[in-house]
Amino acid sequence: MKPKYYLTTPIYYVNAAPHIGHTYTTIAADAIKRFKQMQGYEVVLTTGTDEHGQKIERAAEAAGKTPQQFADVVAEEFRKQWEILGLSIDRFSRTSTPEHAEVVQRLFQLCLNAGYIYKGSYTGQYCVFDELYVSDAKPGDPCPECGRPTETVTEENYFFKLSAFQQRLEEFHEKNPDFVQPETRRNEVLAFLRKGLTDLSISRTTIKWGIPLPVAGNHVFYVWFDALTTYMSAVEGQTSTAGEPLWPADLHLIGKEILRFHAIYWPAFLMAAGLPLPKKLFAHGWLLFENEKMSKSRGNLVRATPIIKVLGADPLRYFLLREVVFGQDGSFSYDALVGRYNSDLANGLGNLSSRTLSMIRQYRQGVVPQPAIAEPPLAQPARDAISSAVQAFDRLDFSRGLEAIWGLISAADKYIVEQAPWKLAKQGEEARTQLDTVLYSAAEVLRIATTLLIPILPQTAERIWLQLGMPDAIDSVTLQGLDWGQLLPGQRIGEPAALFPRVDLQEAVDKLWQLEAEEKAYQARLLGQPEAPPPAPGAKAEEGVMQPIAEPISIDDFGKVDLRVGLVKSAERVKGADKLLHLYVDIGEAQPRSIVAGIALAYQPEQLVGRKVVIVANLQPRKLRGIESNGMIVAASLEGGKPVLAGFLEDVPVGARLK
RNA sequence: GCCGGUGUAGCUCAGUCGGUUAGAGCGACGGUCUCAUAAUCCGUAGGUCGCAGGUUCGAAUCCUGCCGCCGGCACCA
């Protein structure tokens, strides 16, 4: 009986339609699944959507839908995306289903019974958009993530006693050094743990769209308790064919941004409930677009669908797994994508297949010949490639594994040129056995490379399989025992056809940009969002999202703010803080004021001395890094950028009021 | 500021328990073959191995300092 292997992708939040970041994770998971299957496991792969929360409530409202309707639309987009890509998903989980709610409530109950849940209250500044409390913020402060104004919220919450698990979690991570990979991520987890843990608020009363707690009151679960539990609810009560329970998961594949929740919260929840913990966590890096972080606000998100249309799903899989070292950040660009397509797939694999099959047809009437020797020159390189590729894939190092396979492809190309079968064919009888060996070797390399590539290029592998005329179904092929010499002489090959027609770089890139603009517009319509202008081909969108305009105020309200012209008398860096400068500013008072401003990344202290600036003079004093700050400097704050100080074109006297 | 990582040819990277002329793939340029998807194959391209010191007979490889970049934390807006 096969051992089971249960792996998961994260569940994706339905505030956004699928983009290539989602695709990257899910493709990797699919490749892992196929690889594990070929190693003899019964594999279950789940993915799904995270649908609750205030952000969805509001997005739905803006789109004129109920939250459920809204979630339905986006969830369907994800499902379709994985279908178009041909991903082998066993279960698509949605947090808005009753089955899931039941498991979440049960997990809560277990934690409650064990004494790890208590009721408390919390007051703080809350950002609705990002659904997070902003620690240390004052009323009206903007959200650090999005810049939108925060709201003061007090609520009674249920708390999870995370602090009680610090030691157990540390011990767990010490004893399971492979639990979190790559290692650099593990170090982060340990560092975070050692700083100490505070209890976690796991419920909200401000949200309606969520799973109710099985207690009195209007509490619904807050994101992590709800979302993480999907990993369990997806396979609730299920076993493998052999009767082995699917939980615990063998691998959670995640992005690095959600590491902490998976490496700390999730094990703690499970420990509290007395349930088995997952076996492994792998945090992959981000896909950067031409070395910039992809984000909605930068407008440089890329979708997979245009790529599938122009090049196909397999080339996208190949690119993502070959170009990016799994676990590290990687750069995505259309140029690199098309480059890889032409050089590796068209000229490499595709051409080897084409020339090999064509020669067998021309010189041997389409029948795989019997090699004259048992150990042709390519036999050992092939064995080495099998061993390196399998080992690399096993540690999820796809790029290295693919390198090894392409090394074999190159060796075959080189061997073919050295042997020049087209010459052997003209030499008649005396070269006959030699030609047999050459043709067999080429076909055998093709068969071995194809077998190794099944997890990465499933569609292409199947096409080659048929073209080679392999008698057994490709689904039944395993990696166990894969070796040189298993291709049977006498086999009649199938119909050759080009696998990856070469494309013109510029034409392909233009087409990709055009389809991308259409896809982006389509997604915006789907989510009921105002349509963004399509990006100019190749242009990097730099405009950020317009921050919402604050509530209207009266002239009297404005009059409360005392803005003054000030002259910077001195400026120095604040020790121990990257962004802070300590200034003394003359605004016409007896003594210059001490003001601490977060502009050190944008301005050198010496640049500021003698400069006239605008000061909010009647702001409540506050201590920053132990230094008294009596006021605030007015600056344009660019999202994700450096602040730019307000100033005057004409000369103005110090102390003048702005109104 | 603290912690971790990283900086090698135009691009993506390999190479570090110190040791001959520092490597691969892609791209570029030149050439070759003709089975093949104007593919393959061969050759060329001269990179202060971030910078500066140090240890050593000898350092990309060890040590120290500095700089850049990335991540986490702190901090701020």
Side-chain angles (χ1 to χ4, degrees), chain A residues 134-138 141-145 147 182-192 194-196 256-257 259-260 283 285-286 288 291 293 322-325 328-331 333 335-336 339-363 399-400 402-403 406-407 409-426 435 438-439 442 496-503 505 573-581 596-602 622 624-626 629 632-633 635-643:
Chain A
V134 182
S135 55
D136 236 24
K138 297 186 302 298
D141 277 357
C143 168
E145 296 295 323
E183 203 179 334
T184 168
R185 298 293 157 214
R186 174 172 184 261
N187 294 338
E188 269 178 43
V189 172
L190 289 173
F192 188 83
R194 292 194 190 108
K195 280 181 176 293
K256 66 181 184 182
E257 71 282 2
L259 174 65
R260 191 188 308 166
W286 285 340
L288 308 175
N291 293 318
K293 188 177 165 182
R322 172 64 187 84
E323 183 82 0
V324 181
V325 177
Q328 296 178 19
D329 288 356
S331 187
S333 73
D335 279 7
R340 283 277 179 202
Y341 176 90
N342 277 332
S343 64
D344 293 6
L345 295 177
N347 299 351
L349 178 62
N351 189 239
L352 177 65
S353 173
S354 172
R355 69 193 309 198
T356 299
L357 296 170
S358 164
M359 285 190 288
I360 291 177
R361 277 166 76 93
Q362 289 176 55
Y363 305 142
S399 48
R400 291 278 165 275
L402 288 168
E403 254 178 51
W406 256 258
I409 290 173
S410 290
D413 271 334
K414 181 173 179 143
Y415 173 73
I416 290 171
V417 167
E418 283 168 359
Q419 296 296 318
W422 45 93
K423 286 183 187 159
L424 294 172
K426 288 175 191 154
L435 180 56
V438 174
L439 295 180
L499 302 168
F500 304 104
R502 272 184 73 84
V503 297
L505 175 68
R573 295 185 179 284
V574 174
K575 227 178 97 186
D578 278 353
K579 301 182 184 172
L580 295 184
L581 291 183
V596 180
I599 55 173
L601 293 180
R622 186 181 174 192
L624 301 170
R625 293 297 282 192
S629 182
M632 186 174 109
I633 293 204
S637 45
L638 309 172
E639 191 174 342
K642 293 175 177 176

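Computation of the quantities below employed the complete heavy-atom set of this structure, encompassing side-chain atoms and omitting hydrogens, waters and symmetry-equivalent molecules. Chain identifiers are assigned alphabetically (A, B, ...) following the order of the sequence lines, protein sequences preceding nucleic acid strands; residue numbering begins at 1 within each chain.
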Participant: Could you tell me whether the side chains of W422(A) and Q362(A) share a donor-acceptor contact shorter than 3.5 Å?
Facilitator: no

Participant: Say we look at rA22(B) and rG47(B): how far apart would their P atoms be, to the nearest angstrom?
Facilitator: 13 Å

Participant: Hey, are R400(A) and E403(A) close enough for a salt bridge, meaning a charged N less than 4.0 Å from a carboxylate O?
Facilitator: yes

Participant: For W406(A) and rU40(B), what is the distance between atoms CH2 and P respectively, to the nearest whole Å?
Facilitator: 14 Å

Participant: Test your reading of the model: is there a side-chain donor-acceptor pair from W406(A) to the backbone of G348(A), 3.5 Å cut-off?
Facilitator: no

Participant: State, yes or no, whether a side-chain contact exists between D335(A) and L505(A) at a heavy-atom distance under 4.5 Å.
Facilitator: yes

Participant: Sort out the partner of rG65(B) for me: Watson-Crick or G-U wobble, both distances under 3.5 Å, none otherwise.
Facilitator: rC51(B)

Participant: Whether R400(A) contacts rA14(B) is assessed here as follows: a side-chain N or O lying under 4.0 Å from the phosphate OP1 or OP2. Is that the case?
Facilitator: yes

Participant: rG43(B) and rU56(B): how far apart are their P atoms, nearest whole angstrom?
Facilitator: 42 Å

Participant: Do you know which two heavy atoms are closest between P182(A) and A283(A), and how far apart they sit?
Facilitator: CD-O, 3.2 Å

Participant: If we call it a pair only when both distances are under 3.5 Å in a Watson-Crick or G-U wobble match, what pairs with rG18(B)?
Facilitator: none

Participant: What is the distance from atom CG of L402(A) to atom CD of E323(A), rounded to the nearest 0.5 Å?
Facilitator: 11.5 Å

Participant: Provide, to the nearest angstrom, the distance between the CZ atom belonging to R340(A) and the C1' atom belonging to rG25(B).
Facilitator: 7 Å

Participant: Who does rU37(B) pair with, Watson-Crick or G-U, both distances under 3.5 Å?
Facilitator: none

Participant: Expressed in angstrom and rounded to an integer, what is the separation of D344(A) atom CG from rC11(B) atom C1'?
Facilitator: 14 Å

Participant: Show me the protein contacts with nucleotides 68-71 of chain B, counting only N or O atoms at under 3.5 Å.
Facilitator:
from: rG71(B); atom 1: O2'; to: R185(A); atom 2: NH1; distance (Å): 3.2
from: rG71(B); atom 1: O2'; to: E188(A); atom 2: OE2; distance (Å): 2.9

Participant: In Watson-Crick or G-U wobble terms, both distances under 3.5 Å, what is the partner of rG43(B)?
Facilitator: rC29(B)

Participant: If you round to the nearest 0.5 Å, how far is CZ of R194(A) from CG of L190(A)?
Facilitator: 4.5 Å

Participant: Under 3.5 Å, side chain of N351(A) to main-chain N/O of A346(A), donor-acceptor pair present?
Facilitator: no

Participant: Report the distance from atom OG1 of T356(A) to atom CD1 of I416(A), rounding to the nearest 0.5 Å.
Facilitator: 4.5 Å

Participant: Considering only atom C1', compute the distance from rA14(B) to rU6(B) and round it to an integer number of Å.
Facilitator: 15 Å

Participant: Can you tell me how far P of rC42(B) sits from CD of Q419(A), to the nearest Å?
Facilitator: 14 Å

Participant: Using the C1' atom in both, what is the distance from rC49(B) to rA9(B), to the nearest Å?
Facilitator: 10 Å

Participant: Reading nucleotides 33-39 of chain B 5' to 3', which nucleotides get B (base under 4.0 Å from a protein heavy atom), which S (sugar-phosphate only), which -?
Facilitator: SSBBB-S

Participant: Output the rounded distance in Å from CG (N342(A)) to P (rG27(B)).
Facilitator: 9 Å

Participant: Can you tell me how far P in rG7(B) sits from the matching atom in rG15(B), rounded to whole Å?
Facilitator: 10 Å

Participant: Between S343(A) (side chain only) and G339(A) (backbone N and O only), is there a donor and an acceptor less than 3.5 Å apart?
Facilitator: yes

Participant: Please compare N187(A) and A411(A) by the position of their nearest nucleotide in RNA chain B and report the one closer to 5'.
Facilitator: N187(A)

Participant: Which whole-number value in Å describes the distance from D335(A) CG to rG10(B) P?
Facilitator: 18 Å

Participant: Could you give the distance separating rC70(B) and rA28(B) at their C1' atoms, to the nearest angstrom?
Facilitator: 31 Å

Participant: Kindly say whether N347(A) contributes a backbone atom to a donor-acceptor pair with the side chain of N342(A) at under 3.5 angstrom?
Facilitator: no

Participant: Watson-Crick or G-U wobble partner for rG1(B), using a 3.5 Å limit on both distances?
Facilitator: rC73(B)

Participant: Whole-Å distance between rG25(B) C1' and I409(A) CD1?
Facilitator: 13 Å

Participant: Calculate the interatomic distance between L402(A) atom CG and rC26(B) atom C1'; express it in whole Å.
Facilitator: 15 Å

Participant: Quick one: look up who rC13(B) pairs with, Watson-Crick or G-U, both distances under 3.5 Å, and put none if it's unpaired.
Facilitator: rG23(B)

Participant: For atom C1', what is the distance between rG54(B) and rU12(B), given to the nearest Å?
Facilitator: 34 Å

Participant: What distance, rounded to whole Å, do you find between the two P atoms, one in rC51(B) and one in rG10(B)?
Facilitator: 14 Å

